[in-house]
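In the text below, chain A, chain B and the rest are named by the order of the sequence lines, each starting its count at 1. Keep in mind that the numbers below use all heavy atoms, side chains included, and drop hydrogens, waters and symmetry copies.
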Amino acid sequence: MADYDPQEIERKWQKLWEESGEFDTEAAPGRPKYYVLEMLPYPSGTLHMGHMRNYTIGDAVARYKRMRGLNVLHPLGWDSFGLPAENAALQHNIHPREWTNSNIAQMKAVCRRFGFSYDWRREISTCEPEYYRWNQWFFLRMYKRGLAYRKLSRVNWCPKCQTVLANEQVVDGCCWRHDTTPVESKSLEQWFLRITAYSDALLDDMKQLEDGWPERVLTMQRNWIGKSVGARVRFRLAGDPERSIEVFTTRIDTIYGATALFLAPDHPLLPGLFAEQADRARLEGEWNELRRNILRPAELSAEKMGFFTGRYVENPFSGDQMPIWAANFVLSEYGTGAVMCVPAHDQRDFEFCRKYGLPVKVVIQPAGGEAPISAEGLEAASSGYGILVDSGPYSGLSSGQALERMSADSRERGFGRPETIFRLRDWGISRQRYWGTPIPIIYCEKCGTVPVPDDQLPVRLPDKVEITGRGSSPLAGVPEFVNTRCPQCGGAARRETDTMDTFVDSSWYFYRYTDPHNRQAPYDPAAVAYWFPIDQYIGGIEHAILHLIYSRFFCKVMRDLGLVTHDEPVMRLFSQGMVQKGGVAMSKSRGNVVPAMDVAERYGCDTGRVYMLFAAPPEKDLEWSEQGIEGCSRFLHRVFRLVERHAERLRPVPSENPHGLAAASLTDTERALLRKTHQTLKRVTDDFEIRWHFNTSVAAIMELVNEFYGREPVEENARPEIIKGCLEHLIQMLAPFAPHLAEELWETLGHHGRLGQAAWPAFDPELASEDEFQIVVQVNGRVRGHVLATAGLPDEEVVRRALADPKLAPFLENKKVVKTVVVPNRLVNVVVR
RNA sequence: GCGGAAGUGGCGGAAUUGGCAGACGCGCAGGACUUAGGAUCCUGUGGCCGAAAGGCCGUGUGGGUUCAAAUCCCACCUUCCGCACCA
């Protein structure tokens, strides 16, 4: 008997698949489609098992859906612009393009060695001009619509990357790639994409995603967008009614309780407030001290500080005079940079006022019978909604009523208006780097900022450039690139030398897969109309906001440009867990990686795939275990031997897959094999369709294999055509997980067509059904015995048999049966007293 | 601090609708085959008591609902994740 040789089998089928274009797909209007996609990888070098998990999940799904008869689009490409290529260039004196392309070649070889069912004709690489010209094309369309603009702004600067970061790329005050490097603040001219124009759309359209996206991703996006509905209110400066300070508040209902007004330390009006005062010098000293103590996100426990500016404002509702303080916890970049201080109803204000002895005034009493609160009795702010008191004409209203009426009144009386603000900021995309998409803008002395015309795209990245790793755009040092002609007046002009954030590349790449070689447009809308939206997207949770919010934004822009008709690009999102070794995520920097190629060479890729799916449910983190993978290797060997043992006898026999029990007179063994086969089929199918828990699919198939082994020699008690039918189902169910072995065994059983194109077996509930059950017999909820019952036996009869079980007798002695509970085909519980 | 997820044998995990907790795999123990086994096949394997039959205990902790709870409710503990002076 031949031995299972994964190397030979896998090589054979990969070659055949490639030659026949097995996984090439074409749009076929009218035929049901399925678009399954794994997040675009960055070509960092060699692939390790930590990378392979989402490809394995995606490939199992793609293969399953093909067997269900769907037209499956399953592509892969490369997110090939980005900083590591420049760092490699510095370190090894190699051109970023060369480094990148050699990594791609290596990684692609691993993907091929794993037999992933990609349509490689659709492969894209974002650093190729054929791709990035469409980044420029989209940018220009956004520019024309005012969605791309340039402004001087304070930006996040990572000293390690030597470039600017978007807000989304700053985590806990540090760079997302260098989590121990605090970002610095710089003022630079930057290009922005106006994602805030879609704040409400990004929020509202999440309703379409509630069924298909993980709740925590939606929550993170909601928090990130940070919508606040409130009001803007203007406070006049006491003694100087021409000047005023605006605040934003979500709690205008508490405004009668305001006892001060706080300004952010770098509020522009602040220096002017104490300019004319006698103790100006002291105030400026305080101010400088306070500015040294502006709270950074990392130091939350730091103490609140502030000082009285010596000036007052007038509360436009109550007429009260309120002192103006500067406070270190007020954010200058959020809202108006000024807030009203309501210590009774805001915890931060409460703490500040207790420290500096400012008065506390209660204006909201809790509704619904709770004890009323008083300023003296408060130990913490009472921030809930309630009923207004001491609030002039608004006393007696509920918070809800007051919020609406008071913001409307503020508008009518000319000192305010309802306002909604967002935490979301526009997306800064300028990067002072070489290895990215050039921003297609030309600066002309006469004409100003001029977009590059479409027919001059792509603006190509020059090959020759000096990369220094220091903080200025490398392209600025390439005169052939910088010096150009103005497209409008033809005069001498200079090109923009910053490149785009690489998240621009990945914001729309999945559209390009539908039409990857189009030279006239980013894609044919008809191709997108057929394939979109993406049915299943699979990737890591680290992109919960970054990539996934940018992509949603791009989709909405495309929709408004008339390029797509859907609102959301991705219907279902799945975040797989990480692969760990030694309890921490596999990564090159930690040095705990298991190279994917090693696994393929040692065990075969089928074994590696089965392990990735079997060791844990896909959303959980998975610990790499050499013993675990050996178990999976044993399992595949076991399957191989099982089929091989029967193959010669079964090859000439027609397989029989009886449907229903009446048609065939079955032996006990046949019945048992068919039952287990169809029970397994139900479990595996449900795991694909509903549960997405492939660990239990693999376990179910293992059970089926064990069933065969437990009944060997099966040929003595079962007809060959029944055995063959069951083995075929077994192989089909294995195909999404271990496709090479499955193809080989399919052929071993005498088939000539490809297994990947064979239909998924039809489930027959009648064959799966049990006709006899072991009923658990409980007394007062504790298991005391078992009885056998045939399906459909009346409850009374089941109870009668249960009570007749001699094992129960000691527990029934001197007791009265109060009640019996019957769970059909499962359990009888006798309640006694 | 707020929000979310999780906590089950020696280990990874299973229990899909409240119905025998521990499927499947690893590990471990024993056996068969064998010159040999780190191959393969078979058996056993939550803890405690017991020769066995069987009994008691057991899903982070404490309470509750129920004939019946890993599963539902309340309180708490631990771990992980997200948000964090966002006015």
| task | Grab the CD-P distance between A:Glu630 and B:rC24 for me, whole Å please. | result | 21 Å
| said: I need the CG-P distance between A:Asn695 and B:rA23, as an integer number of Å. | reply: 14 Å
| said: Please classify the nucleic acid contact of A:Arg348 as base, sugar-phosphate, or nothing, using heavy-atom distances under 4.0 Å. | reply: base
| Is any NZ, NE, NH1 or NH2 atom of the basic residue among A:Glu715 and A:Arg645 found under 4.0 Å from an Asp or Glu carboxylate oxygen of the other? | yes
| said: Just the rounded figure in Å: distance from C1' of B:rG12 to CD1 of A:Ile629. | reply: 14 Å
| query | Salt bridge check: are A:Lys807 and A:Asp805 linked by an N-O gap of less than 4.0 Å? | reply | no
| Taking only N and O in the side chain of A:Arg782, is any of them less than 4.0 Å away from OP1 or OP2 of B:rC57? | yes
| message | Rounded to whole Å, please give me the gap between CG in A:Leu403 and C1' in B:rA87. | response | 13 Å
| query | Looking for any heavy atom pair under 4.0 Å, which part of the strands does A:Ser625 touch: base, sugar-phosphate only, or nothing? | reply | nothing
| request: Starting from P on B:rU79, measure out to NZ on A:Lys620 and report it in whole angstrom. | output: 17 Å
| said: Test your reading of the model: is there a side-chain donor-acceptor pair from A:Tyr611 to the backbone of A:Ser625, 3.5 Å cut-off? | reply: yes
| request: Establish, with yes or no, whether the OP1 or OP2 oxygen of B:rA15 is under 4.0 angstrom from a side-chain nitrogen or oxygen of A:Arg691. | output: yes
| said: I want to check one thing: is the phosphate of B:rC85, taken as OP1 and OP2, less than 4.0 Å away from some side-chain N or O of A:Arg423? | reply: no
| Pair pattern of RNA chain B in dot-bracket, where unpaired bases get dots and | marks partners in another strand, Watson-Crick or G-U under 3.5 angstrom | (((((((..(((......[....)))((((((.......))))))((((....))))..(((((..]....))))))))))))....
| field | Side-chain N,O (A:Arg638) to OP1/OP2 (B:rA39) below 4.0 Å | value | no
